[in-house]
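See structure below.
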Amino acid sequence: MMHEKTLVILCGPTAVGKTKSAIALAQHFKSVIISADSRQFYKELVIGTAAPTPDELAQAKHYLTGHLSIHDYYNVSMYESDALQIINNEFKHRNLVIAAGGSGLYLDVLCHGIDNLPDVNFSLRKELAGKLQENGLTWLQEEVKKYDPAYYAETDINNHKRLLRALEIIHITGKRYSDLRVRELQPRPFKIIKTGLFREREILFNRIEKRTDQMLAQGLEKECRALYPCRHLNALNTVGYKEMFHYFDGTYNLDQAIEKIKVNTRRYAKRQLTWFKRDAAITWFHPDDTEKIITHIRKTDSE
RNA sequence: GGUACCAUAGCUCAGUAGGUAGAGCAACGGACUGAAAAUCCGUGUGUCCCUGGUUCGAUUCCGGGUGGUACCA
């Protein structure tokens with residue numbers, strides 16, 4: 001199917017160099033960048049998320065970065081509609097848009113949509129979380145087993161977040177989560193070209209180490225201190241912040257907190273790689289090979 | 001220089017009354033549908049410092065090296 005409109009995906013693990021490459025592509029194609037980094041959405045999280053700098057923001061139009069407050073509720077479905085609306089608008093006067101980021105789920109939903117499941121009911125979530133607290137994981141497992149044995153059989157039964165979400169949906173809809181989660185791929189009215197950035201692991205890990213030290217030098221501690229009162233917010237359950245909060249608590253000393261940030265960032269990068277690796281549609285490039293990425297996009301786009 | 005103690009996984013250490021070894025952390029692999037930088041699952045990766053001796057068999061016992069730590073000079 002021929003589309004005259006194209007969405008270019010640029011994904012990859014944290015610290016691989018996505019921001020820089022995305023800007024280079026945006027400048028070359030005279031295009032814009034839609035962020036797909038679930039923590040760069042929050043305007044309060046700047047240093048710790050390695051958000052694009054004012055200088056970088058000036059080099060290309062960026063969407064969906066710093067557009068939320070940590071106090072806002074947001075989820076992947078809201079991201080899907082926000083991003084699609086922007087893409088739709090941009091396609092009125094250009095043929096190519098770039099979506100760049102490291103949040104695999106968000107990119108997948110942008111490309112293929114997500115099942116029409118009910119939104120979170122906060123009072124229900126609170127109620128169920130309270131029961132979980134009171135009765136333990138076994139209770140939650142038994143509930144899911146009782147109302148949706150199919151889901152219980154196939155899911156990670158130690159993952160309380162998954163079980164809680166499934167139980168929520170069962171309560172809200174009166175239906176089984178496994179019947180509603182059909183994973184239907186939604187067609188998009190534009191072409192999608194998926195590119196990924198890759199570096200040798202040792203080099204990637206060195207970059208993480210160096211970038212963490214830079215964050216500290218740029219004032220990560222101060223940024224975290226200001227956010228410390230809000231530490232319970234989901235947006236702050238984030239690498240780089242939660243470890244500093246433990247330092248403020250006295251659980252870690254500063255050196256331990258820094259080491260933990262490095263370890264957890266490496267693990268995050270590994271989880272991202274696991275996610276992206278299984279997507280055979282991604283073509284991989286070294287971040288320095290901007291010309292190759294451009295050639296690939298031009299070639300694929302004209303096919 | 002002398003005496004004592006130590007040397008086992010990437011790190012900190014346990015252990016084997018002689019039958020080639022296991023914890024924590026780190027590391028590695030994986031899952032993933034409205035919390036996703038979240039959450040969860042799985043995996044020991046080893047010249048037991050070197051070298052002789054005793055023994056059917058030594059990481060373990062004995063001797064000698066080497067390295068480290070502490071104390072005494």
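So that the names make sense, note that chain A is the first sequence line, chain B the second, and so on, each numbered from 1.
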query: Under a 90° cut-off about 0 for the syn range, is B:G34 syn or anti?
result: syn
- prompt: To the nearest Å, how far apart are A:Q256 CD and B:A26 C1'?
  reply: 14 Å
query: Would you say A:D37's side chain and A:G101's backbone share a donor-acceptor pair under 3.5 angstrom?
result: no
field: Same-atom distance (C1') from B:U54 to B:C62, integer angstrom
entry: 8 Å
Restricting both atoms to N or O, compile the protein contacts to nucleotides 41-43 of chain B shorter than 3.5 Å, with distance only.
none

message: If I pick the P atom on B:G18 and the same atom on B:A23, what distance separates them, to the nearest angstrom?
response: 22 Å
message: Would you measure the distance from the P atom in B:C41 across to the matching atom in B:C5 and give it in whole Å?
response: 46 Å
Pairs involving residues 148-160 of chain A, ordered by first then second residue, that meet salt bridge (Lys or Arg N to Asp or Glu O under 4.0 Å) (sequence neighbours left out): A:E154-A:R181
- request: Tell me what A:Y177 touches on the nucleic acid: a base, only sugar-phosphate, or nothing, going by heavy atoms under 4.0 Å.
  value: sugar-phosphate
message: I'd like the C1' distance from B:G15 over to B:U60, given in whole Å.
response: 10 Å
Could you go through nucleotides 27-29 of chain B and list every protein N or O atom that sits under 3.5 Å from one of its N or O atoms, giving the distance for each pair?
{"from": "B:A27", "atom 1": "OP1", "to": "A:R266", "atom 2": "NH1", "distance (Å)": "2.7"}
{"from": "B:A27", "atom 1": "OP2", "to": "A:R267", "atom 2": "NE", "distance (Å)": "3.2"}
{"from": "B:A27", "atom 1": "OP2", "to": "A:R267", "atom 2": "NH2", "distance (Å)": "3.2"}
{"from": "B:C28", "atom 1": "OP1", "to": "A:R201", "atom 2": "NH1", "distance (Å)": "3.0"}
{"from": "B:G29", "atom 1": "OP1", "to": "A:R201", "atom 2": "NH2", "distance (Å)": "3.3"}
{"from": "B:G29", "atom 1": "OP2", "to": "A:R201", "atom 2": "NH1", "distance (Å)": "2.9"}
{"from": "B:G29", "atom 1": "OP2", "to": "A:R201", "atom 2": "NH2", "distance (Å)": "3.3"}

- request: Scan residues 203-250 of chain A for pairs that pass ring-ring contact (aromatic ring centres under 6.0 Å, His included), counting only residues two or more places apart or in two chains.
  value: A:Y228-A:F245, A:Y228-A:F248, A:H246-A:Y252
query: Of the residues in residues 104-111 of chain A, which ones touch RNA chain B at a heavy-atom distance under 4.0 Å?
result: A:L105, A:Y106
Span that lies between the P atom of B:G2 and that of B:G64, in whole angstrom: 13 Å
- prompt: Among all residues two or more places apart in sequence or in another chain, which pass the ring pair (Phe, Tyr, Trp, His ring centres under 6.0 Å) test with A:H67?
  reply: A:F41, A:Y74
Mind listing the side-chain donor-acceptor pairs of residues 19-31 of chain A below 3.5 Å, one per line with the distance, residues two or more places apart or on another chain?
{"from": "A:S21", "atom 1": "OG", "to": "A:G17", "atom 2": "O", "distance (Å)": "3.4"}
{"from": "A:Q27", "atom 1": "NE2", "to": "A:Q59", "atom 2": "O", "distance (Å)": "3.2"}
{"from": "A:S31", "atom 1": "OG", "to": "A:L96", "atom 2": "O", "distance (Å)": "2.5"}

task: Using a heavy-atom cut-off of under 4.0 Å over every strand shown, decide if A:T265 touches base, sugar-phosphate, or nothing.
output: nothing
field: Expected output: side-chain A:N75 to main-chain A:S77 donor-acceptor under 3.5 Å
entry: yes
- request: Considering just the side-chain nitrogens and oxygens of A:Y79, establish if one lies under 4.0 Å of OP1 or OP2 belonging to B:A35.
  value: no
Pair up each side-chain donor or acceptor in residues 134-141 of chain A with any protein partner under 3.5 Å, not counting sequence neighbours, and list the distances.
{"from": "A:N135", "atom 1": "ND2", "to": "A:K131", "atom 2": "O", "distance (Å)": "3.2"}
{"from": "A:Q141", "atom 1": "NE2", "to": "A:I157", "atom 2": "O", "distance (Å)": "2.7"}

query: Whole Å only: how far is the OH atom of A:Y74 from the C1' atom of B:A36?
result: 14 Å
statement: Sorted by chain and residue number, the salt bridge (Lys or Arg N to Asp or Glu O under 4.0 Å) partners of A:E291 (sequence neighbours excluded) come out as none
Spacing of A:L163 atom CG relative to B:G34 atom C1', expressed in whole Å: 16 Å
field: Atom-pair distance (CG on A:L273; C1' on B:G30), nearest Å
entry: 13 Å
- prompt: Is a salt bridge present between A:E142 and A:K146, judged by a nitrogen-to-oxygen distance below 4.0 Å?
  reply: no
message: Treating A:T300 as the side-chain partner and A:I297 as the backbone partner, does any N or O pair qualify as donor plus acceptor under 3.5 Å?
response: no
- request: Among B:U39, B:G34, B:A35, find the nucleotide with the atom closest to the side chain of A:N234.
  value: B:A35
- prompt: What is the nucleic acid contact for A:L164, judged by heavy atoms within less than 4.0 Å: base, sugar-phosphate only, or nothing?
  reply: base
field: Closest-nucleotide ordering on RNA chain B, the 5'-leading residue of A:S77 and A:N237
entry: A:S77
message: Could you check whether any side-chain N or O of A:N121 sits under 3.5 Å from a backbone N or O of A:L124, counting only pairs where one atom can act as donor and the other as acceptor?
response: yes
- prompt: Quick one: stems for RNA chain B, with Watson-Crick or G-U pairs under 3.5 Å, at least three in a row?
  reply: B:1-7 with B:66-72, B:10-13 with B:22-25, B:27-31 with B:39-43, B:49-53 with B:61-65
- prompt: If you look at every strand shown and take non-hydrogen atoms under 4.0 Å, does A:Q40 touch a base, only sugar-phosphate, or nothing?
  reply: base
query: What nucleic acid atoms does A:T14 come within less than 4.0 Å of, heavy atoms only: base, sugar-phosphate, or nothing?
result: nothing
Phosphate-side-chain proximity, A:Y73 and B:A35, N/O vs OP1/OP2 below 4.0 Å: yes
- prompt: A:K126 side chain N/O closer than 4.0 Å to the phosphate oxygens (OP1, OP2) of B:A35?
  reply: no
query: Expressed as a whole number of Å, how far does the P atom of B:C6 sit from that of B:C28?
result: 35 Å
- request: Verify the contact: side-chain N or O of A:R271 to OP1 or OP2 of B:G30, cut-off strictly under 4.0 Å; return yes or no.
  value: no
query: In whole angstroms, how far is the C1' atom of B:G30 from the OH atom of A:Y268?
result: 17 Å
- request: Would you check if the side chain of A:Q186 reaches a backbone N or O of A:I114 as a donor-acceptor pair within less than 3.5 Å?
  value: yes
Check: A:S81 side chain, A:M78 main-chain N or O, donor-acceptor pair, under 3.5 Å: yes
message: Once salt bridge (Lys or Arg N to Asp or Glu O under 4.0 Å) is applied, what residue pairs with a partner in residues 39-65 of chain A remain, sequence neighbours excluded?
response: none
- prompt: Taking only residues at least two apart or on different chains, which pairs with a member in residues 200-212 of chain A satisfy salt bridge (Lys or Arg N to Asp or Glu O under 4.0 Å)?
  reply: A:E209-A:K262
field: Rounded distance (Å) that lies between atom C1' of B:G30 and atom CG of A:N159
entry: 14 Å
field: Inter-nucleotide P distance (B:C13, B:A7), Å rounded
entry: 10 Å
- prompt: What interatomic distance, in whole Å, is found between C1' of B:G46 and the corresponding atom of B:A14?
  reply: 15 Å
- request: Provide, to the nearest angstrom, the distance between the CZ atom belonging to A:F276 and the P atom belonging to B:A36.
  value: 15 Å
field: Euclidean distance, A:L128 CG relative to A:E143 CD, rounded to 0.5 Å
entry: 8.5 Å
message: Without decimals, in angstroms, what is the distance between A:L137 CG and B:C40 P?
response: 10 Å
